[in-house]
Number of protein chains: 2
Amino acid sequence: MTLKLDKVNRGPHLSTLVASSISREIAQGRLMPGDQLPTEQQLAQTFGVSRNVVREAIARLRSEGRIWSQQGRGAFVADQPNATTLTIDYEALQQAAAFQSLFELRGILEVEAAALAAKRRTGDDLMTMKDALVTMRDAPYGSVMWLKTDLEFHKTVAAATGNLYMVQFLTFVSERVRESILASGNQQRSEDLAAVTLGEHQRILDAIEAGDGDKARDAMRAHLHGAANRVGLAGEQSE
Amino acid sequence: MTLKLDKVNRGPHLSTLVASSISREIAQGRLMPGDQLPTEQQLAQTFGVSRNVVREAIARLRSEGRIWSQQGRGAFVADQPNATTLTIDYEALQQAAAFQSLFELRGILEVEAAALAAKRRTGDDLMTMKDALVTMRDAPYGSVMWLKTDLEFHKTVAAATGNLYMVQFLTFVSERVRESILASGNQQRSEDLAAVTLGEHQRILDAIEAGDGDKARDAMRAHLHGAANRVGLAGEQSE
DNA sequence: ACTTACATGGTTATCATACAACACTGGTCT
DNA sequence: AGACCAGTGTTGTATGATAACCATGTAAGT
């Protein structure tokens with residue numbers, strides 16, 4: 001029997017819950033930039049935890065740039081929410097709308113990355129992509145090796161753009177998407193899908209190799225559209 | 001005298017120092033992925049702080065995905081460093097290649113955002129954009145008010161996509177770009193540029209109002225191309 | 001031999017309290 | 001009015017204690 005246990009034992013840490021709670025207050029506008037947060041004592045009381053836990057939560061929010069605090073005065077909501085880091089709340093992603101938004105964002109980046117890659121790819125890039133496809137062909141659909149190689153293919157496309165931040169952003173977004181998909185756990189397995197997916201990848205590679213940006217864009221768009229269906233994101237209206 | 005003080009008043013917080021210190025250990029490879037950190041007691045002793053401070057530092061590192069901890073076992077260095085946050089190093093952006101990459105990334109997002117906004121914008125969105133253009137028209141080119149309104153216009157376009165993360169990502173990227181431009185300080189001032197820039201904005205707005213995605217895409221692309229020239233980023237080959 | 005139950009030590013998670021450092025307010029004194 | 005000063009509230013830090021949990025070893029039971 002294949003037991004399916006929860007992937008992550010979603011942080012039982014109280015400080016995480018408190019931080020998410022405050023974070024939500026800010027996101028939903030109940031705490032406006034510049035506003036002063038309740039005192040640590042009050043927060044501890046309202047949440048029913050010790051002041052210590054509240055402090056850990058605040059330390060976290062401070063590091064994320066969402067709030068700032070000064071000894072003797074208090075803690076305040078930061079004017080520009082995201083100072084130097086960009087954070088995606090895991091809990092928020094459980095909601096369908098958020099997931100769909102993130103998926104769309106990933107689509108935009110991947111599609112344009114494919115187009116840029118077609119223009120700028122080097123011989124080494126092509127080699128790496130081909131290797132990835134070969135490895136994927138031998139791996140069973142949905143296996144760890146398959147997923148890993150799939151990720152590597154896309155990462156190579158991103159790297160082939162020559163854009164230093166494309167890889168960083170795309171892996172970041174893709175990771176979040178992948179987590180959500182795994183968490184929802186509604187992926188089908190089939191031999192046919194393997195062939196279909198491989199074909200999509202192959203077309204992307206062909207277009208990139210040919211240096212045809214528009215074709216690469218279309219191929220990547222088709223691939224992502226197919227992936228969305230495979231995951232169960234049907235309600236997607238493209239232009 | 002214009003005093004130029006350190007941008008960030010490097011948090012006097014002890015927890016920040018401890019977190020940075022541990023973070024450095026990880027970055028420099030003295031703590032490898034999977035390694036177990038010293039116990040909180042030991043860390044508190046070696047750093048000469050209370051265990052409470054160590055815990056706040058660990059809470060921060062945990063939220064950054066650098067380490068994970070489990071009750072009864074200990075704290076360990078995470079395998080994949082970037083779990084939930086995305087960071088862009090400020091120093092790295094000083095290099096031209098990095099800046100150009102980020103500018104390109106922003107372009108991709110803005111252009112597609114404009115196209116999506118043309119399809120999905122509401123009446124309120126159009127109102128906000130129009131207000132922004134009026135305000136910008138009255139503000140002197142390059143003034144604080146002008147920059148602020150410019151930012152708001154773009155943010156409204158991003159919001160009009162209905163994509164929950166478009167605003168977040170775009171403001172994040174734009175902020176980094178803006179910082180770099182301000183730091184380099186090579187922007188020209190002129191009355192003509194004000195009119196040109198306003199015209200570009202107007203064309204974007206018109207396309208969005210008309211619901212013409214392709215036109216909005218082109219208008220935004222033209223605007224960014226113009227902005228690149230104004231900032232002195234000439235070497236940009238679009239397909 | 002193998003499994004189960006229990007005991008023990010070590011670690012994190014949380015709580016509670018106390019004190020120090022700092023900001024703000026209001027009154028007093030000059 | 002302006003300077004000084006005490007008082008109060010808040011964050012920052014320290015300290016000790018307790019609960020929950022993991023890992024390991026050992027004894028009891030099968």
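Numbered from 1 within each chain, the chains take letters A, B, ... in sequence-line order. Here the structure is a predicted model, which means the values were calculated and not measured.
Not counting sequence neighbours, the partners of B:Lys130 by the salt bridge (charged side-chain N to carboxylate O under 4.0 Å, His left out) test are B:Glu209. Considering only residues two or more places apart in sequence or on other chains, B:Phe47 meets the ring pair (Phe, Tyr, Trp, His ring centres under 6.0 Å) condition with none of them. Qualifying side chain to side chain contact (heavy atoms under 4.5 Å, CB included) partners for A:Leu133, counting only residues two or more places apart in sequence or in other chains: A:Met136, A:Phe153, A:Leu198, A:His201, A:Gln202, A:Leu205. Residues satisfying the salt bridge (charged side-chain N to carboxylate O under 4.0 Å, His left out) test with A:Glu40, not counting sequence neighbours, are A:Arg51, A:Arg55.
Proximity of residues 45-53 of chain A to DNA chain C (heavy atom under 4.0 angstrom from any strand atom) is restricted to A:Gly48, A:Val49, A:Ser50, A:Arg51, A:Asn52, A:Val53.
A donor and an acceptor atom, one from each side chain of A:Ser15 and A:Arg60, are nowhere located under 3.5 Å apart. Residues A:Arg66 and A:Ser23 have side chains that bring a donor and an acceptor to within less than 3.5 angstrom of each other.
Between B:Gln41 atom CD and C:dT11 atom P the separation is 8 Å, expressed in whole Å. Taking atom CZ on A:Arg62 and atom P on D:dT10, their separation rounds to 17 Å, with Å as the unit. Nucleotide D:dT10 holds its P atom 7 Å from the CD atom of A:Gln42, rounded to whole Å. A:Arg55 places its CZ atom 17 Å from the P atom of C:dA13, with the value rounded to the nearest Å. In this structure, CZ of B:Phe76 is placed 12 Å from C1' of C:dG10, rounded to the nearest angstrom. When rounded to the nearest whole Å, the span between NE2 of A:His13 and C1' of C:dT11 equals 13 Å. One interatomic measurement links the two molecules: CD of A:Glu56 to P of C:dC15, which rounds to 10 Å at whole-angstrom precision.
Comparing atom distances between the A:Glu40 side chain and each of C:dT14, D:dT11, D:dA14 picks out D:dT11 as nearest.
Relative ring orientation between B:Phe103 and B:Phe99 is described as tilted, the plane-to-plane angle lying within the 30° to 60° band.
Note that CG of A:Asp125 and OG1 of A:Thr161 are 9.0 Å apart. Values are rounded to the nearest 0.5 Å.
In this model, the phosphate group of D:dG9 is not approached by any side-chain N or O of A:Thr39 to a distance below 4.0 Å at OP1 or OP2. Between A:Ser15 and C:dA13 there is no side-chain N or O to OP1 or OP2 distance below 4.0 Å.
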### Summary
Scoring nucleotides 21-27 of chain C by protein non-hydrogen atoms under 4.0 Å (B base, S sugar-phosphate only, - none) yields BBSS---
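Using a 4.0 Å cut-off between charged side-chain N and carboxylate O, B:Arg178 and B:Glu175 make a salt bridge.
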